[in-house]
Each structure stands twice: as C-alpha cells, then as structure tokens.
Visitor: 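I'd like to ask you about the structure that follows.
This one's a predicted model, so the numbers in the text were calculated from it and none came from an experiment. When a residue number appears, it is its place in the shown sequence, counting from 1.
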Amino acid sequence: MQEYGASFGIGFVAGMRSMSACAALTWAASQGRTRGNLIPAGPGARALATAVAAAEMAGDKMPFAPDRRIPPSFAFRLAVGAIGGWVLVGRRASPEYGALAGVAGAVAGTLFGRGARGGDSRTEAGRSRGLAEDAVAAGLAVLVVMSAEPRRQPRSSA
C-alpha cells in the first residue's frame, strides 16, 4: 500500500484544490519524481501552474464560486487525480492502480473538503474555513511531492 501513498495523496489534493495538485505535479516533475515525461517541468510551467493555483485559492472565496461537486468540476478533479496517481506511483507498483488510487483520493478530497468547509463561502466563517483548506491543500501538496520516489535525475530547468 505504501507504493500508492503519493498517488492517493495527490488525488486528495486534487479533490481539495485541483490546480494545487497540478502545480505540485510540475514541481515533482522538475525534481525527477514522476513517471515518464507527461508533466511539464520547466520554470515557466511551474510558475504558471503555481500562479493559477493561487488564483484558484482566491477565486474559491468568491460568492459566485461553483460547488466542487458539479459534474465538470468533479470530473476535472478525478482526471487530475488519475493522471497524478499514474505519474507518482511507486516503482514496484502498477501505474494503473496508481491512477485508481489517485481517483479514490480525488473523491475523498472532494467530499472531505466540501464537508469540512461547509456550503457558504459568503460568510466570515466560510472564508476562514476556506483559508484553512488552502493551507491544508498546500501543505499536503508539499508532503506528497517530497514523499514521491525519485526516478531519475531532475529535469533541466531550460
């Protein structure tokens, strides 16, 4: 099961903050911690993904922010979880099962994050819970990247 921890973890992050998971994957790729070359690793990709993740965190506090459980949002979270799970799975583990672990993590992160957050981001309490969720998602993203197995030399930053 340890081989699938990073896969589940990145899925969980995707369920909480989908773009934070995308940013974490670019950082993992730049450190040589991903399978294959599916995830861009250059400094431009990392900067863009990190900026979009920060924008998502800010936008999530707006009263017009959609619920994370609507079909397009939920499907995107599942897709990010699957891709992240596939690229972060341990060396001795199945990439397909890694993708499934990522999807399971995305489902758990989506439902747990929504349950812990509550439904109303227009209140001070809702915004405070949203900020706490941001901190948890960012911290978990860092832990997931650091726990993923190094696979090769870090990719050049060119």
Visitor: Closest heavy-atom contact between Pro40 and Ala29?
Guide: O-CB, 4.1 Å
Visitor: Using the rule that Ile, Leu, Val, Met, Phe, Trp and Tyr join whenever any side-chain heavy atoms are under 4.5 Å apart, tell me whether Tyr4 and Val103 fall into a single cluster.
Guide: no
Visitor: Between atom CD1 of Ile10 and atom CG of Leu140, what is the distance when rounded to the nearest 0.5 Å?
Guide: 7.5 Å
Visitor: Would Ser73 and Arg77 count as a side chain to side chain donor-acceptor pair (under 3.5 Å) here? Give the steps.
Guide: CA-CA 6 Å; Ser73 178; Arg77 291 166 194 276; 3.2 Å; yes
Visitor: Mind checking whether Leu88 and Arg35 have side chains closer than 4.5 Å, heavy atoms only?
Guide: no
Visitor: Indicate the ring-plane relationship of Phe112 and Phe12, choosing parallel, tilted or perpendicular according to the 30° and 60° boundaries.
Guide: tilted
Visitor: Could you tell me which non-hydrogen atom of Pro66 sits nearest to which non-hydrogen atom of Ile70, and how far apart they are?
Guide: CB-CD1, 3.8 Å
Visitor: In Å, rounded to the nearest 0.5 Å, how long is the span from CG of Leu131 to CG of Asp60?
Guide: 9.5 Å
Visitor: Are Met19 and Val144 linked, directly or through other ILVMFWY residues, by side chains that come within less than 4.5 angstrom of each other?
Guide: no
Visitor: Is it true that Leu78 and Leu111 fall in one hydrophobic cluster, defined by side-chain heavy atoms closer than 4.5 Å?
Guide: yes
Visitor: Are Val13 and Ile39 grouped together when hydrophobic residues (ILVMFWY) are joined by side-chain heavy atoms under 4.5 angstrom apart?
Guide: yes
Visitor: How close do Arg68 and Thr110 get, heavy atom to heavy atom, and via which atoms?
Guide: CD-O, 3.4 Å
Visitor: Do you see a donor-acceptor pair shorter than 3.5 Å between the side chains of Thr50 and Trp27?
Guide: yes
Visitor: Decide yes or no on side-chain contact (heavy atoms from CB on, under 4.5 Å) for Met146 and Val142, but give the supporting numbers first.
Guide: CA-CA 6 Å; Met146 298 312 296; Val142 169; 4.3 Å; yes
Visitor: Is the closest basic N to carboxylate O distance between Arg117 and Asp134 below 4.0 Å?
Guide: no
Visitor: Report whether Leu48 and Phe76 are members of the same hydrophobic cluster (ILVMFWY, side-chain heavy atoms less than 4.5 Å apart, transitive linking).
Guide: yes
Visitor: Which pair of non-hydrogen atoms, one from Val80 and one from Cys22, has the smallest distance, and what is that distance?
Guide: CG2-SG, 3.9 Å
Visitor: Looking only at atom types and distance, does a side-chain atom of Tyr97 sit under 3.5 Å from a main-chain N or O of Trp86, one as donor and one as acceptor?
Guide: no
Visitor: Indicate yes or no: does Glu133 engage Lys61 in a salt bridge with an N to O separation below 4.0 Å.
Guide: no
Visitor: Say whether, by atom type as modelled, one donor and one acceptor occur between the side chain of Glu149 and the main chain of Gly90 under 3.5 angstrom.
Guide: no
Visitor: For Ser20 and Glu56, run side chain to side chain donor-acceptor pair (under 3.5 Å): C-alpha distance rounded to whole Å, both residues' side-chain angles, the deciding distance at 0.1 Å, then the answer.
Guide: CA-CA 8 Å; Ser20 293; Glu56 178 190 34; 4.5 Å; no
Visitor: Okay, side chain of Arg17, backbone of Ala137: is any donor-acceptor separation there less than 3.5 Å?
Guide: no
Visitor: Looking only at atom types and distance, does a side-chain atom of Ser7 sit under 3.5 Å from a main-chain N or O of Gly85, one as donor and one as acceptor?
Guide: yes
Visitor: With distance as the sole test, does Ser147 use its side chain to make a donor-acceptor pair with the main-chain N or O of Leu143 at under 3.5 Å?
Guide: yes
